[in-house]
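Quick note: numbers below take in every heavy atom, side chains included, and nothing from hydrogens, waters or symmetry partners.
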Amino acid sequence: MISSTVLFYGNYVLCQCLGLLCVVFVSYWNIEWRGGFAWDASFLQFNWHPVLMVTGLVVLYGNAAILYRIPFTWSQRKQHWKLVHAALLLSSLILSILGLCAVFDFHTGYHIPNLYSLHSWVGICTVVLFTAQWLLGLVGFLSPCSPLGFRKLLKPVHAWMGMAIFILSLASCLSGINEKLLLALNGNSNSTAAYSSHPAEALFANFLGVLIVAFGLVVLGILSNQRWSRLEPGEESSRSLLPEDN
């Protein structure tokens, strides 16, 4: 028999490893094949966009989402972990906004239209929903003036919206990787191989996409397991009725 807590921490370690690999891979991709980073409205500034979005909108956001599932936090005051949860999400949001600034500045410098692709539509909607979700959570759960009844009504909506935003974040990043490869590896330049010819950059970036999917699946798996949710007052008896893990 595997303890539920041991199983959680196994998944949690896997989640951290996958998240770290996502950040390392997206950074290495843009250093090795895209020329590195700058903040001068050039192609090098654009390279910040995927790094900041994967780091903020996927990895940091995913870790913030599963924070309450860590058994270590259950015996401590929830208010403290609410602040940590909010701080992680704020960091995620700031990185995401910086990622948008990077791509908008780049487009402006090269007179490229903004928000013309499906990737950009999904991405901007994700960040707008994320901003609204964070502000609503701040007012609903951290404000001392928020009534208890409102918090109870908001909690399931907040949890559902959080998962929806995370799924949209995964879709945005995956579509962005594919769009970048299609535009950059078009085969029209003597120095650029076509995407369809399986160059090393394409294989590496595709594997980055696989890592993002794996990270997302582990996060969603943790969130969907009711045994790994924090007990609220009055829930102890109902939790004891759940079948034991085998």
Side-chain angles (χ1 to χ4, degrees), residues 17-62 91-130 165-217 219:
C17 291
L18 289 170
L20 179 61
L21 284 174
C22 287
V23 175
V24 170
F25 267 63
V26 71
S27 301
Y28 185 80
W29 172 32
N30 286 279
I31 293 170
E32 177 67 18
W33 284 285
R34 297 291 104 204
F37 306 99
W39 200 273
D40 55 4
S42 68
F43 281 93
L44 299 183
Q45 178 169 332
F46 177 88
N47 294 342
W48 281 111
H49 177 66
V51 173
L52 292 170
M53 289 309 198
V54 169
T55 304
L57 209 53
V58 173
V59 177
L60 268 180
Y61 189 100
S91 300
S92 170
L93 183 58
I94 290 172
L95 291 182
S96 303
I97 292 173
L98 288 174
L100 291 180
C101 290
V103 71
F104 284 147
D105 283 354
F106 164 72
H107 282 181
T108 300
Y110 283 83
H111 306 290
I112 300 172
N114 289 310
L115 302 176
Y116 66 88
S117 67
L118 178 61
H119 160 67
S120 62
W121 287 19
V122 175
I124 200 70
C125 288
T126 303
V127 175
V128 169
L129 287 173
F130 183 9
I165 292 169
F166 182 65
I167 292 170
L168 288 172
S169 300
L170 296 173
S172 299
C173 287
L174 293 173
S175 62
I177 292 170
N178 192 56
E179 182 177 296
K180 178 61 178 178
L181 290 174
L182 289 172
L183 291 173
L185 303 180
N186 51 32
N188 294 332
S189 170
N190 292 332
S191 61
T192 303
Y195 190 10
S196 57
S197 65
H198 306 98
E201 179 183 358
L203 296 176
F204 188 89
N206 283 348
F207 194 72
L208 166 63
V210 172
L211 287 173
I212 291 173
V213 170
F215 176 81
L217 290 176
V219 169

*Asks:* Considering all heavy atoms of both residues, which atom of His107 and which atom of Pro113 are nearest to each other, and what is their separation?
*Replies:*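 In this case the closest contact between His107 and Pro113 is ND1-O, 3.4 Å.
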*Asks:* Less than 3.5 Å apart, which donor and acceptor atoms pair up between the side chains of residues 17-26 and the rest of the protein, not counting sequence neighbours?
*Replies:*
none

*Asks:* State which residues pass ring-ring contact (aromatic ring centres under 6.0 Å, His included) with Phe215; sequence neighbours excluded, sorted by chain then number.
*Replies:*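 So Phe215 forms no ring-ring contact (aromatic ring centres under 6.0 Å, His included) with any residue.
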*Asks:* Can you find a heavy atom in the side chain of Ser120 that is under 4.5 Å from one in the side chain of Asn114?
*Replies:* no
*Asks:* Mind checking what makes ring-ring contact (aromatic ring centres under 6.0 Å, His included) contact with Phe37, not counting sequence neighbours?
*Replies:* Trp48
*Asks:* In chain order, what residues pass the side chain to side chain contact (heavy atoms under 4.5 Å, CB included) check against Ala171, with sequence neighbours excluded?
*Replies:*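 Listed in chain order: nothing, the list is empty.
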*Asks:* Side chain to side chain contact (heavy atoms under 4.5 Å, CB included) with Ser196: which residues, sequence neighbours excluded?
*Replies:*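 If we apply the side chain to side chain contact (heavy atoms under 4.5 Å, CB included) test to Ser196, skipping adjacent residues, the hits are Ala194.
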*Asks:* Mind checking whether Val213 and Leu174 have side chains closer than 4.5 Å, heavy atoms only?
*Replies:* yes
*Asks:* If we only count heavy atoms from C-beta on, is the Phe46 to Lys180 side-chain gap below 4.5 Å?
*Replies:* yes
*Asks:* From the options Ile212, Val210, Asn206, select the one residue that forms a side chain to side chain contact (heavy atoms under 4.5 Å, CB included) with Leu208.
*Replies:* Ile212
*Asks:* Please identify each residue that fulfils side chain to side chain donor-acceptor pair (under 3.5 Å) with Asp105, with sequence neighbours left out.
*Replies:*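 Residues passing side chain to side chain donor-acceptor pair (under 3.5 Å) with Asp105: Gln45.
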*Asks:* Just to verify, what does Ser27 make a side chain to side chain donor-acceptor pair (under 3.5 Å) with, not counting sequence neighbours?
*Replies:* none
*Asks:* Quick one: which residue pairs count as a salt bridge (charged side-chain N to carboxylate O under 4.0 Å, His left out) with a foot in residues 36-54, not counting sequence neighbours?
*Replies:*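 For residues 36-54: none.
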*Asks:* Going by the rule side chain to side chain donor-acceptor pair (under 3.5 Å), which residues pair with Trp29 if we only count those two or more places apart in sequence or in a different chain?
*Replies:*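 Counting only residues at least two positions away or on another chain, Trp29 forms a side chain to side chain donor-acceptor pair (under 3.5 Å) with Glu201.
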*Asks:* Checking Thr126 now: which residues fulfil side chain to side chain contact (heavy atoms under 4.5 Å, CB included) with it, not counting sequence neighbours?
*Replies:* Leu57, Val122, Ile165, Leu168, Ser169, Ser172
*Asks:* Can you name the ring-ring contact (aromatic ring centres under 6.0 Å, His included) partners of Tyr195, sequence neighbours left out?
*Replies:*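 Applying ring-ring contact (aromatic ring centres under 6.0 Å, His included) to Tyr195 gives none.
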*Asks:* Would you please name every residue forming a side chain to side chain contact (heavy atoms under 4.5 Å, CB included) with His119, sequence neighbours left out?
*Replies:* His49, Ser117, Ser175, Glu179
*Asks:* Which residue is it: Asn47, Leu95, Leu100? I am looking for the one with a side chain to side chain contact (heavy atoms under 4.5 Å, CB included) to Leu52.
*Replies:* Leu95
